Amino acid sequence: MAQFIEQLRLWVEGLMLTLGYPGLTLVIVLENLFPPIPSTVIMPFAGFLVSQGQFSFVGVLLAGTLGSLISAMMLYYLGRWLDETLVHRAVSRYGRYIGVSEAGFERGMRLFDSYGPAMVFFGRFIGTVRSLISIPAGMRRMSLAIFLPLTV
């Protein structure tokens with residue numbers, strides 16, 4: 001596993017060095033959509049590149065924000081496309097493999113109904129939740145006028 005993570009780190013760094021800001025945006029999008037990409041490598045390396053004068057702080061801030069926003073919108077629209085009944089059925093069948101129970105899913109959706117905006121905002125600060133919180137926002141058709149500022 002350590003070798004896999006090291007190879008992933010080298011790939012991420014190479015992409016950022018080769019493509020610059022678009023590479024940073026791309027790896028942020030991929031990191032949010034595919035959790036095996038280590039987020040702890042991306043922004044610290046971007047910060048290192050800022051300290052070396054290869055990237056600017058504002059460029060990193062904008063590219064990182066854009067990458068996060070693109071992936072959040074992709075997951076938001078996935079949530080809009082998904083039918084809650086279908087998701088519930090999938091959770092009942094496969095949830096045990098990813099640690100989600102039917103009761104947990106239902107409780108999460110009820111909580112989202114009550115505290116959706118707060119969950120989107122504070123969820124951005126919690127590892128895997130930062131990506132996945134966009135899906136219930138889409139499923140509940142949260143207004144983009146609310147979702148986007150909370151996401152940014």
Side-chain angles (χ1 to χ4, degrees), residues 1 4-5 8-9 11-13 15-16 19-50 55-152:
M1 182 65 157
F4 172 73
I5 297 294
L8 213 46
R9 180 188 67 80
W11 178 77
V12 164
E13 291 176 1
L15 202 57
M16 290 169 61
L19 299 178
Y21 298 114
L24 174 57
T25 300
L26 177 61
V27 295
I28 293 290
V29 168
L30 294 175
E31 179 266 329
N32 282 308
L33 298 176
F34 306 106
I37 296 175
S39 60
T40 55
V41 169
I42 299 169
M43 293 310 277
F45 185 65
F48 171 76
L49 294 176
V50 169
F55 279 6
S56 74
F57 175 78
V58 172
V60 166
L61 181 66
L62 292 174
T65 301
L66 180 62
S68 292
L69 190 58
I70 289 169
S71 58
M73 291 302 300
M74 292 170 75
L75 292 169
Y76 173 89
Y77 280 107
L78 174 65
R80 286 193 66 135
W81 177 76
L82 290 172
D83 174 49
E84 188 171 339
T85 306
L86 177 68
V87 174
H88 191 274
R89 205 172 321 137
V91 166
S92 69
R93 179 179 267 173
Y94 304 109
R96 66 180 166 267
Y97 300 114
I98 59 170
V100 179
S101 67
E102 288 180 77
F105 173 74
E106 290 168 5
R107 186 175 65 247
M109 293 308 288
R110 280 194 310 274
L111 282 170
F112 196 89
D113 289 340
S114 298
Y115 306 105
M119 290 178 75
V120 169
F121 179 76
F122 290 110
R124 298 286 171 211
F125 298 101
I126 304 169
T128 305
V129 174
R130 93 174 36 104
S131 298
L132 297 179
I133 197 64
S134 299
I135 296 172
M139 289 173 74
R140 291 297 195 239
R141 290 178 165 41
M142 178 181 276
S143 163
L144 287 176
I146 294 170
F147 178 76
L148 290 175
L150 293 171
T151 298
V152 171

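Just so we're clear, the structure is a prediction, and the values are computed from it rather than from any experiment.
Rounded to the nearest 0.5 angstrom, Met16 CE and Phe55 CZ are separated by 5.0 Å. Rounded to the nearest 0.5 Å, atoms CD1 (Ile135) and CH2 (Trp81) are 11.5 Å apart. To the nearest 0.5 angstrom, Leu132 atom CG is 11.5 Å from Ile126 atom CD1. Once rounded to the nearest 0.5 Å, the distance linking CG of Leu15 with CZ of Phe45 reads 11.0 Å. Within the model, atoms CG of Leu82 and NE2 of His88 stand 14.5 Å from one another, a figure rounded to the nearest 0.5 Å. Taking CG of Leu62 as the start and OH of Tyr21 as the end, the distance is 9.0 Å to the nearest 0.5 Å.
Although no hydrogens or angles enter the test, the distance criterion places a donor-acceptor pair under 3.5 Å between the side chain of Thr25 and the main chain of Ala63. Listed for the Ser92 side chain is a donor-acceptor partner under 3.5 Å among the backbone atoms of Arg89. Under a 3.5 Å cut-off, the side chain of Tyr76 and the backbone N or O of Met142 do form a donor-acceptor pair. Side chain of Arg80 to main chain of Arg141: no donor-acceptor pair is present (N/O by atom type, distance under 3.5 Å, no hydrogens or angles). Looking at Tyr77, its side chain never comes within 3.5 Å of a backbone N or O of Ala72 through a donor-acceptor pair.
Side chain to side chain, Ser134 and Arg124 meet the donor-acceptor criterion of an N or O pair below 3.5 Å.
Proximity of Ser56 to Val50: side-chain heavy atoms (C-beta onward) are nowhere separated by under 4.5 Å. Using a 4.5 Å heavy-atom cutoff, the side chains of Leu33 and Val29 are in contact.
Within a 6.0 Å sphere centred on CZ of Arg107, heavy atoms belonging to other residues, nucleotides or ligands number 12 at most. The number of heavy-atom neighbours closer than 6.0 Å to CE of Met74, taken from other residues, nucleotides and ligands shown, is 12 or below.
Pairing each heavy atom of Ile133 with each of Met119, the nearest pair is CG1-O, 3.6 Å. Residues Leu24 and Met43 share a closest heavy-atom pair of CD1-SD, 4.1 Å. Considering all non-hydrogen atoms of both residues, Ile28 and Ser71 come closest at O-OG, 4.4 Å. Contact record, Ser101 with Gly104: OG-N, 2.9 Å, taken as the closest heavy-atom pair. The two residues Val120 and Ala137 make their nearest non-hydrogen contact at CG2-CB, 4.2 Å. Of all heavy-atom pairs between Pro149 and Ile146, the closest is CD-O, 3.4 Å.
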For this session: Before giving the answer on side chain to side chain contact (heavy atoms under 4.5 Å, CB included), spell out for Met73 and Leu144 the whole-Å C-alpha distance, their side-chain angles and the decisive distance to 0.1 Å.
Result: CA-CA 9 Å; Met73 291 302 300; Leu144 287 176; 3.6 Å; yes

Problem set entry | Working for side chain to side chain contact (heavy atoms under 4.5 Å, CB included), residues Leu26 and Leu30 | CA-CA 6 Å; Leu26 177 61; Leu30 294 175; 4.1 Å; yes

Exercise. Hey, mind stepping through Ser131 and Leu75 against side chain to side chain contact (heavy atoms under 4.5 Å, CB included) and telling me if it holds?
Worked result: CA-CA 7 Å; Ser131 298; Leu75 292 169; 3.9 Å; yes

Problem set entry | Verdict with reasoning, Phe105 to Glu84, per side chain to side chain contact (heavy atoms under 4.5 Å, CB included) | CA-CA 10 Å; Phe105 173 74; Glu84 188 171 339; 4.2 Å; yes

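For Ser114, the side-chain contact (heavy atoms from CB on, under 4.5 Å) criterion is met by no residue, not counting sequence neighbours.
Classified by interplanar angle (parallel below 30°, tilted 30° to 60°, perpendicular above 60°), the ring pair Tyr94/Tyr97 is tilted.
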